[in-house]
Amino acid sequence: VRHLLESYDFVGILERQDESLVAMKLLFNLKLRDILYSSAKIRAESKFSSPEPSHKVYTYLNDEFFSEAYVDRILYEAVNAKLDATIARYGSKFYREYELFSALSKEARVSCNLSKSFHWGSDMQSVTEMENYSATHCYYKDAGCGYQCLHDFAAQFETYDT
């Protein structure tokens with residue numbers, strides 16, 4: 001695990017995505033546009049829901065899965081500890097940057113209408129409207145929407161000094 005971690009300059013954690021991005025920004029002297037993001041896929045409606053995992057799932061993960069995936073768990077804990085150490089090293093600078101990133105991320109989502117959801121309609125007219133919209137605003141169909149707006153939004157804040 002130590003050898004693996006030493007072979008990378010940085011490893012982030014999805015469950016701590018924003019913290020990971022801000023730490024990476026500080027470590028590599030990145031700009032806001034390099035880390036500002038939106039969900040890759042935005043949908044208004046879905047047949048599937050995401051209920052909170054049950055106690056049974058947590059029990060399985062803690063009692064069975066992690067005992068069988070011991071190395072994975074050790075790696076995950078080591079990456080968490082390394083992220084915590086990076087945050088501690090930057091101290092108040094990290095927390096100021098994190099607060100600014102959080103505020104700008106929320107503002108960007110509103111400014112770029114990323115809280116508004118997109119979906120493929122069942123009728124041909126809404127499919128055509130979505131295709132026209134996605135041709136200029138999304139990477140593909142309804143995936144990666146808003147990237148240009150995020151880039152333009154971030155450009156307004158390129159000069160702020162952390």
Practice item. Give a yes or no answer on whether the side chain of Ser20 reaches the backbone of Arg16 with a donor-acceptor pair at less than 3.5 Å. Key: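 Here the side-chain-to-backbone pair exists.
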Calculate, to the nearest 0.5 Å, the distance between atoms [atom1] and [atom2] belonging to [X] and [Y] respectively.
X     : Y      : atom1 : atom2 : value
Tyr58 : Asp63  : OH    : CG    : 14.0 Å
Leu4  : Glu6   : CG    : CD    : 10.0 Å
Leu30 : Leu36  : CG    : CG    : 12.5 Å
Leu32 : His151 : CG    : NE2   : 11.0 Å
Leu83 : Met24  : CG    : CE    : 11.5 Å

Taking C-beta and beyond as the side chain, do [X] and [Y] meet within less than 4.5 Å on heavy atoms?
X     : Y     : answer
Val11 : Leu5  : yes
Tyr76 : Glu15 : yes
Tyr95 : Val22 : no

Review point. In this structure, are over 12 heavy atoms from other groups packed under 6.0 Å from Asp9 atom CG?
Key: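 Result for CG/Asp9: open.
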Check your understanding: Under the side chain to side chain contact (heavy atoms under 4.5 Å, CB included) criterion, do Arg89 and Leu26 qualify, and how do the steps go?
Key -> CA-CA 11 Å; Arg89 186 170 82 210; Leu26 292 170; over 6 Å; no
Closest approach of [X] to [Y] (non-hydrogen atoms, all atoms of both residues):
X      : Y      : answer
Ile35  : Leu21  : O-CD1, 3.7 Å
Ala23  : Phe10  : CB-CE1, 4.1 Å
Phe94  : Glu19  : CE1-O, 3.7 Å
Leu150 : Cys112 : N-SG, 3.7 Å
Phe153 : Phe157 : O-CD1, 3.3 Å

Exercise for review: Determine, step by step, whether Tyr37 and Arg109 satisfy the side chain to side chain contact (heavy atoms under 4.5 Å, CB included) criterion, reporting the C-alpha distance in whole Å, the side-chain angles of both residues, the deciding distance to 0.1 Å, and the verdict.
Suggested key: CA-CA 9 Å; Tyr37 71 94; Arg109 285 186 194 94; 4.0 Å; yes
Review point. Under the side chain to side chain contact (heavy atoms under 4.5 Å, CB included) criterion, do Tyr8 and Lys82 qualify, and how do the steps go?
Key: CA-CA 12 Å; Tyr8 290 95; Lys82 194 168 185 176; over 6 Å; no
Review point. What's the verdict on salt bridge (charged side-chain N to carboxylate O under 4.0 Å, His left out) for Glu97 and Lys93, showing C-alpha distance, side-chain angles and the deciding distance?
Key: CA-CA 6 Å; Glu97 187 73 21; Lys93 183 176 183 178; over 6 Å; no
